Amino acid sequence: RKYGVTREQLAMVSVLMSHMASKHPLSLTTQPHSLEEVLASPEVAPFVSLRECARRADGGAAILVASPEFARECAGSPVKVLGGGEASGPICPPEEIDERAFSCEQAADLAYQSAGR
């Protein structure tokens, strides 16, 4: 509500990712999901349905959210990926949640290293 994003717009991220995954021959997702399927799947948390949850075998992804004005200004500007990194945390959350339960920092460090930074 704070940013004016609707439930349907958030669910469309899952729809788009399933569509893109269905085009990859080695993907776990072979059929794209419709918005209706995503919204109708069981709720796992407030405003999050089962079809919006990442599988443990999923990779990471980034989505750039920008205003239409900013996107128009950047249209045609190439983006060069300098590096990437991956890591995974525990399959089940430990009893005590601390920084060791998250692998973001490790993945970021690997990405910076592969970019030579």
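Small disclaimer: the values here were computed from a predicted structure and weren't measured.
With S22 contributing its side chain and H19 its backbone, the two residues share a donor-acceptor pair below 3.5 Å. At distances below 3.5 Å, at least one donor-acceptor pair connects side-chain atoms of S14 with backbone N or O atoms of R51. Put simply, the side chain of S18 never gets that close to the backbone of P32: no donor and acceptor are under 3.5 Å apart.
Cluster note: V38 groups with M12, V15, L35, L39 through ILVMFWY side-chain heavy atoms spaced under 4.5 Å, whether in direct contact or through intervening members.
One hydrophobic cluster holds both L50 and V48 under the rule that ILVMFWY side chains link at heavy-atom gaps under 4.5 Å.
To the nearest 0.5 Å, atom CZ of residue R7 and atom CD of residue Q9 are 11.5 Å apart.
A salt bridge (Lys or Arg N to Asp or Glu O under 4.0 Å) check over residues 22-47, counting only residues at least two apart or in different chains, returns nothing.
Among all heavy-atom pairs drawn from A21 and S27, the shortest one is O-CB, 3.0 Å.
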